[in-house]
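In what follows, a structure is listed as structure tokens, so that the remarks can point back to it.
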Amino acid sequence: MNITVVGTGYVGLVTGTCFANAGNRVTCLDIDAKKVETLERGDSPFFEPRLSELMTRSIQANRLTFTHDIETAYSDADVIFVCVGTPTGEDGRCDLANVFRVADDISTTRLGSATLPLVIIKSTVPVGTTNRIAEKLNEFVVANNPEFLREGNAIDDFKRPDRIICGVEDPDAIETLTKLYAPFVGQGRPLLFFDIRSSEMVKYASNAMLACKISFINEIASLCEKNGANIDNVRTGMCSDNRIGTQFFRPGIGYGGSCFPKDTLAVMEMGEESGAPCLVNTAVHALNQRQRTWFANRILKHFEDDLTGKKIAIWGLAFKPQTDDVRDAPSIDIANKLLAAGAEVTGFDPEAWETFQREVPEIVISMDMYAALDGADALVICTEWSEFSAPDFSRIQSLLKTPVIFDGRNIYSHSDMKKYGFYYYSVGRPTLEICHI
Ligand SMILES: NC(=O)c1ccc[n+]([C@@H]2O[C@H](COP(=O)([O-])OP(=O)(O)OC[C@H]3O[C@@H](n4cnc5c(N)ncnc54)[C@H](O)[C@@H]3O)[C@@H](O)[C@H]2O)c1
């Protein structure tokens with residue numbers, strides 16, 4: 001099949017590459033000409049494990065091409081996947097300008113063609129949007145097909161999804177989607193066809209549920225701190241109950257990224273607009289924002305609210321491990337708060353140094369995790385990259401001016417921290433104040 005994928009971000013590029021890998025001829029369109037130049041050279045504009053290798057294979061097999069010309073992209077397409085960004089707008093609502101612009105472009109280039117392409121909205125859009133696009137493109141069949149991949153594990157998630165959801169009622173479109181997704185389903189991985197509105201809602205409801213689990217465990221963690229319990233024990237006890245499960249249930253400095261924060265806000269907005277205010281989601285969002293501020297304030301409090309002349313090192317800048325994405329990362333708010341309080345901030349991240357420096361130009365980026373610590377008054381962990389999990393603690397001790405660790409992801413054990421004599425703060429666990437300063 002001739003597929004055009006619109007938008008070459010984390011979702012579009014992975015979608016295009018995986019469909020090309022499955023034998024389709026895929027054209028990826030982006031309005032960002034610089035991005036297209038990078039892609040044409042065979043490079044990925046962002047870090048995603050295994051993506052470059054799969055891209056190269058499909059480019060060499062002439063199944064994957066890139067363009068920023070809408071005529072080239074749309075003229076031969078049998079199927080168009082719309083994967084453009086749907087960020088939170090200035091008014092707090094989901095900004096749909098990109099998706100509607102794509103609808104206009106498709107209409108301009110294809111209306112009047114002998115056969116019209118199936119248009120599939122993969123971007124996350126508020127309930128009712130796919131139908132609004134269908135009204136605009138009234139000669140075309142328009143379907144909804146939300147994406148559930150996780151950055152950092154995107155290729156595997158796309159190729160082996162827990163489920164694929166399609167919102168479509170047209171029988172030919174159902175047949176096309178069944179053929180397209182045949183290589184990725186089976187073996188207990190269902191391809192589910194729903195009405196369009198339910199399909200749109202599944203995506204928001206799933207992200208809202210996962211965000212809720214994170215804010216919930218963070219709320220319990222703060223109760224643990226106030227009441228002398230240890231969240232590790234509480235979590236282990238809770239997770240032994242199969243109904244609760246273990247995933248997305250780790251205390252820390254909260255969620256970030258391009259999905260949970262904006263999708264939670266979009267759910268709240270949908271609630272307001274439809275007269276069904278979403279009280280749980282409102283609390284989930286507020287708790288998540290509070291968590292970052294609370295953690296930054298904890299650092300400030302340790303230094304008696306004055307960071308003048310202090311140097312703070314941050315390990316982990318990406319919103320989560322295995323990505324260079326820093327959109328709405330807690331590390332941004334934390335670094336900014338430390339800088340505003342007068343600190344010099346150094347940062348290390350295995351992948352997200354360039355993306356972070358663009359957001360926080362005042363940070364001094366170090367290309368070596370230990371060099372970032374040299375002469376620092378404290379180490380702050382914002383992202384749980386595996387390279388931080390078993391470091392050389394003696395080396396950390398000798399590099400830091402004072403052996404203080406603020407662990408925003410609870411990656412270290414109390415026994416290690418005691419053994420090496422760190423002053424150690426984490427989330428929902430007792431603070432260790434014993435150290436050999
Ligand atoms: N990132 C994720 O992990 C993830 C997971 C599931 C769903 N989603 C959803 O998928 C959508 C895309 O997310 P993303 O993270 O890939 O976005 P992104 O911002 O990384 O990429 C979007 C791309 O679309 C391009 N674009 C914008 N308007 C265009 C137009 N008119 N024509 C062609 N290209 C255009 C941009 O230049 C950009 O390269 C969003 O709705 C998001 O909520 C994202």
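Both ligands and their constituent atoms are indexed starting at 1 by order of listing.
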_Parallel, tilted or perpendicular: which one describes the rings of Trp385 and Phe47, with boundaries at 30° and 60°?_
tilted
Any atoms of ligand 1 less than 4.0 Å from a non-hydrogen atom of [X]? List them with their elements.
| X | answer |
| --- | --- |
| Ser123 | 11 (C), 41 (O) |
| Gly85 | 22 (C) |
| Gly7 | 23 (C), 24 (O), 25 (C), 34 (N) |
| Lys262 | 42 (C), 43 (O) |
| Val11 | 4 (C), 5 (C), 6 (C), 7 (C), 8 (N), 10 (O), 16 (O), 44 (C) |

Region of [X] that comes within reach of ligand 1 [heavy atoms, distance under 4.0 Å]:
| X | result |
| --- | --- |
| Ser258 | side chain |
| Val6 | side chain |
| Cys83 | backbone |
| Lys35 | side chain |

*Qualifying residue for ring pair (Phe, Tyr, Trp, His ring centres under 6.0 Å) with His302, from Phe406, Phe295, Tyr424*: Phe406
Output yes when the distance from some N or O of ligand 1 to some N or O of [X] is under 3.5 Å, and no in every other case.
| X | answer |
| --- | --- |
| Thr86 | yes |
| Glu147 | no |
| Tyr10 | yes |

Return the closest protein heavy atom for [atom] as residue, atom name and distance.
| atom | value |
| --- | --- |
| atom 9 (C) of ligand 1 | Thr124 OG1, 3.4 Å |
| atom 3 (O) of ligand 1 | Glu151 OE2, 3.3 Å |
| atom 36 (C) of ligand 1 | Asp30 OD1, 3.5 Å |

*side chain to side chain donor-acceptor pair (under 3.5 Å) partners of residues 276-289, not counting sequence neighbours, each pair once*: none
*If a pair satisfies side chain to side chain donor-acceptor pair (under 3.5 Å) and one of its residues is in residues 20-36, list it, with sequence neighbours excluded.*
Asn2-Arg25, Thr8-Asp30, Asn21-Ser58, Asn21-Lys159
*Say whether Thr15 and Glu147, considering side chains only, have a donor N or O and an acceptor N or O under 3.5 Å apart.*
no
*Does NZ or CZ of Arg163 fall inside the cone over Phe148's six-membered ring, less than 6.0 Å from its centre and within 45° of the axis?*
yes
*Least distance between heavy atoms, Thr178 atom then Leu191 atom*: CA-CD2, 3.7 Å
*Where is the tightest heavy-atom contact between Thr383 and Asp349, given as atom of each residue plus distance?*
OG1-OD2, 4.5 Å
*So is Arg327 close enough to ligand 1, meaning a heavy atom under 4.0 angstrom away?*
yes
*asked:* Could you check whether any heavy atom of His68 sits closer than 4.0 Å to an atom of ligand 1, since that is the contact criterion I want to use?
replied: no
*asked:* If you take the centroid of each ring, where Trp contributes its six-membered ring, are Tyr181 and Phe19 closer together than 6.0 Å?
replied: yes
